[in-house]
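To keep things clear, I will list the structure first and then write my remarks on it.
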Amino acid sequence: MEYTMDNPILSVRGLNIKFNLRGRTLHAIRDVGLDLYKGESLAIVGESGSGKSVFVKSFMGLLDANGWVDSGEILYNGENLTKFTTEKQWLTVRGKQIAMVLQDPMTSLNPLKTIGAQIMEAIELHQGLHGEAARKEMISVLVDVGINDPERRAKQYPHEFSGGMRQRVVIAIAVACRPQILICDEPTTALDVTIQAQILGLIRNLKEKYNLTTIYITHDLGVVANVADRIAVMYAGDIVEIGLCEEVFYQPKHPYTWALLSSLPQLGIKGEPLYSIHGTPPNLFNEVKGDAFAPRNPQALKIDFVKRPPYFEVSPTHKARTWLLDPRAPKIDPPEAVRKLATEGVKGYA
Amino acid sequence: MPENQNKLENKEVLLSVKDMSICFGKGKYLFKAVDSVSFDIYKGETFGLVGESGSGKTTIGRAIIRINPTTSGEVIFKGKKINGKIDKQLDRDVTRQIQMIFQDPMASLNERAKVDYIVSEGLLNGEKLPESERKARVEKALSEVGLLPEFASRFPHEFSGGQRQRIGIARALIMQPEFIIADEPISALDVSIRAQVLNLLAELQRERGLTYLFISHDLSVMRFICDRIAVIHKGVLVELAETEKLFAHPLHPYTRALLSAIPLPDPAREKNKVLEVYDPTQHDYSTDKPSWVEIEEGHFVWGNEKELSKYREMLKA
Ligand SMILES: Nc1ncnc2c1ncn2[C@@H]1O[C@H](COP(=O)(O)OP(=O)(O)O)[C@@H](O)[C@H]1O
Ligand SMILES: Nc1ncnc2c1ncn2[C@@H]1O[C@H](COP(=O)(O)OP(=O)(O)O)[C@@H](O)[C@H]1O
Ligand SMILES: [Mg+2]
Ligand SMILES: [Mg+2]
């Protein structure tokens, strides 16, 4: 489905999420905004701990008990989800409107029930079908997710499926709820590349067939290039850059995006050291000052350590939070590897 | 790649695996995890072993360091057979000279032991060292992997994933090995940390002429660091070639499927790629039996006569 950028299906405004851990407060999502457009495929990329999962879990009321939305809004269908106080309210959204596929399919499946029964439950609950009609729908969903011999497979239990097949079952349950938004949180990280490629293709087909809007979370830039219409780059609880897939790969502006791209082995030169990012991400128990990436950025400006940069617009579809885009900033070119990606691309295979 | 060329020209075989099979279980439950694999690893090279999970990669690594018994075949290290029954002295030598580093640095390190003990554990099995010497060696190993000497008195959980992997590497280095089996050493690490560990491994190789068997399922990383790559599918080696050769002229359909599936961080390429799907039933080995053949210099493939003649055509094209 084509999407246009004037029709957000979900809008996040000034979101702050905090966790309480042994009396200390961790600021996991730091004043983040996002418009998700109907029909698009948005990829969220960032290293572990950057806040990808926490961010999307907050759309479904799934934050751990020690976490809370401190301020901000999550607008969906004219409602501010952050104002929900009861499970009953969340159940009108969770699964029904926004469904999620996680890295480990076993966390979403009941080991004691056949997969047919589990898909039927979702169909009965969300599509209001029952009996034979529900069963027929269940079989057709299994076919949709590429499970052969669905009549027989429906009677089997999760442990009788391989990792890749289990992930297909989880996806079947998610789409059986007929959601508007499908969130995939690292769904292929634990799978082999050939299986991963098939699951990515499957998600793409289902997106078309069911008019889904998808959010795809991953740390693998190869997967991002495959799935994304748009990319949001997260670092230390913030979206530091967001733009069309091509803009972020070929004209990245934030030094963190530069660093991520530069450390790709596909852009390295054999026999020479691979670009590596020094240090570690900031400790989110402490208040982050300035640009969170500054301490790891060898070319950081003085102001990066003092003041948090606002978003600067690069194009109507592309913006980044970096002082480098301020008209007063010195001109700093992206690293060699990043320029090479834009001009030559990466090597494929024959 | 002049450097790579050089390495492979003066090739001296360090490790040779010949027709090795490894079975688990017995009777009705007999399962052949590794099926007649053969390959040589040259001194100073990085030899990659790639395949999906469960294909037998770790089992091969563990057989080389003598944890898994072999069912048949030979493992020859520096000219001596090291699988099966071997004498005490050779066992001690091999135990020191071949080291392994593992994927999950957390699971592979003893949680309750201090870094000091973890790093020097391998030394305890050899001749007894004076305490001061042992401590000095631990400090040296830690500094070689970029960790501070005072880390010796800490516990693994106090470290990040990348640091734990460095501890795992220090633990191997302290033995002054010649050959290191790195089993998915960076798979559990974040992208930015991966580069650091890869660089460390490369630097150690340059400085000490180490030889690596690098086990992974990530072909992008392997293309960057391996001199040669062997592809394994369900316990059977299906192809082996110099890295760029393999990418330029993949022959076996499984290799082709694997290469076509690698996600490329380049939207122009990735969004237009054509996936090749591997269907194992395409091989008809009922009468025309397959074998492991060097189809051109240094390029091995598993196939029967009919397939091999097709592969020869592919190479000519
Ligand atoms: N229940 C929790 N209690 C305390 N901190 C948490 C909790 N859940 C997540 N965090 C912290 O929030 C940050 C973001 O985590 P997460 O969203 O899981 O990262 P990602 O998905 O990008 O790897 C991390 O620093 C993580 O440690
Ligand atoms: N000790 C063991 N007992 C029985 N089966 C085993 C044992 N070790 C490995 N296997 C089996 O051998 C096969 C190959 O495993 P492994 O070498 O770990 O694969 P890889 O490292 O390629 O993922 C798998 O099917 C695995 O279940
Ligand atoms: Mg996560
Ligand atoms: Mg393994």
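So you know, we letter chains A, B, ... as the sequences are listed, proteins then strands, and number each from 1.
For the pair A:V193/B:I262, no side-chain contact is recorded, criterion being any heavy-atom separation below 4.5 Å from C-beta on.
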Walk me through it: do B:R194 and A:L274 pass the test side-chain contact (heavy atoms from CB on, under 4.5 Å)? CA-CA 9 Å; B:R194 281 182 186 188; A:L274 193 56; over 6 Å; no

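Proximity of a side-chain donor or acceptor of A:K270 to a complementary backbone N or O of B:R223 within less than 3.5 Å is detected.
For CD of B:E297, the number of neighbouring non-hydrogen atoms (other residues, nucleotides, ligands) closer than 6.0 Å is 12 at most. Applying the 6.0 Å contact sphere to CG of A:N148 captures no more than 12 heavy atoms from other residues, nucleotides or ligands. Within 6.0 Å of the NZ atom in B:K234, the count of heavy atoms belonging to other residues, nucleotides or ligands does not exceed 12.
Contacts between A:R296 and chain B at a heavy-atom distance below 4.5 Å involve the side chain alone, from C-beta outward. Proximity to chain A is limited to the side chain of B:L275, based on heavy atoms less than 4.5 angstrom apart. With a threshold of 4.5 angstrom between heavy atoms, B:D266 approaches chain A through its backbone and through its side chain. Residue B:S160 does not touch chain A at all, counting heavy-atom pairs closer than 4.5 Å. For B:L198, the part lying near chain A is the side chain, with the backbone staying farther off; criterion is any non-hydrogen pair under 4.5 Å. Interface residue B:A268: backbone and side-chain heavy atoms are both found under 4.5 Å from chain A. The part of A:Y275 that comes within reach of chain B is its backbone (N, CA, C, O), which places non-hydrogen atoms under 4.5 angstrom from that chain. Heavy-atom distances place both the backbone and the side chain of B:R256 under 4.5 Å from chain A. At a 4.5 Å heavy-atom cutoff, the contact between B:E276 and chain A is made by side-chain atoms alone. Neither the backbone nor the side chain of A:L191 comes within contact range of chain B; no heavy atoms are under 4.5 Å apart.
To the nearest 0.5 angstrom, B:H233 atom NE2 is 9.0 Å from A:T194 atom OG1. Residue B:L189 holds its CG atom at 11.5 Å from CD of A:E47, rounded to the nearest 0.5 Å. If you take CG on A:D192 and CG on B:L258, they are separated by 8.5 Å, rounding to the nearest 0.5 Å.
Top candidate by heavy-atom pairs under 4.5 Å with chain A, chosen from B:G51, B:S53, B:A202, is B:S53. By number of non-hydrogen pairs under 4.5 angstrom with chain B, the leading residue of A:K347, A:E246, A:Q198 is A:K347. Note: A:G348 leads A:G348, A:G201, A:A342 in heavy-atom pairs under 4.5 Å with chain B. Options B:R269, B:H217, B:H249, B:K273 differ in how many heavy-atom pairs under 4.5 Å they form with chain A, and the most are formed by B:R269. Per-residue counts of heavy-atom pairs under 4.5 Å with chain B were compared for A:S263, A:P273, A:A259, A:G163; the largest is that of A:P273.
There is no side-chain donor-acceptor pair under 3.5 Å between B:Q196 and A:S276.
For the pair B:K271 and A:N226, the tightest heavy-atom approach, listed with the atom from each and the gap, is CE-O, 3.7 Å. Considering all non-hydrogen atoms of both residues, B:A261 and A:A197 come closest at CB-CB, 4.0 Å.
Partner A:L221 forms a side chain to side chain contact (heavy atoms under 4.5 Å, CB included) with one of B:P265, B:P263, B:P267 and no other, that one being B:P265.
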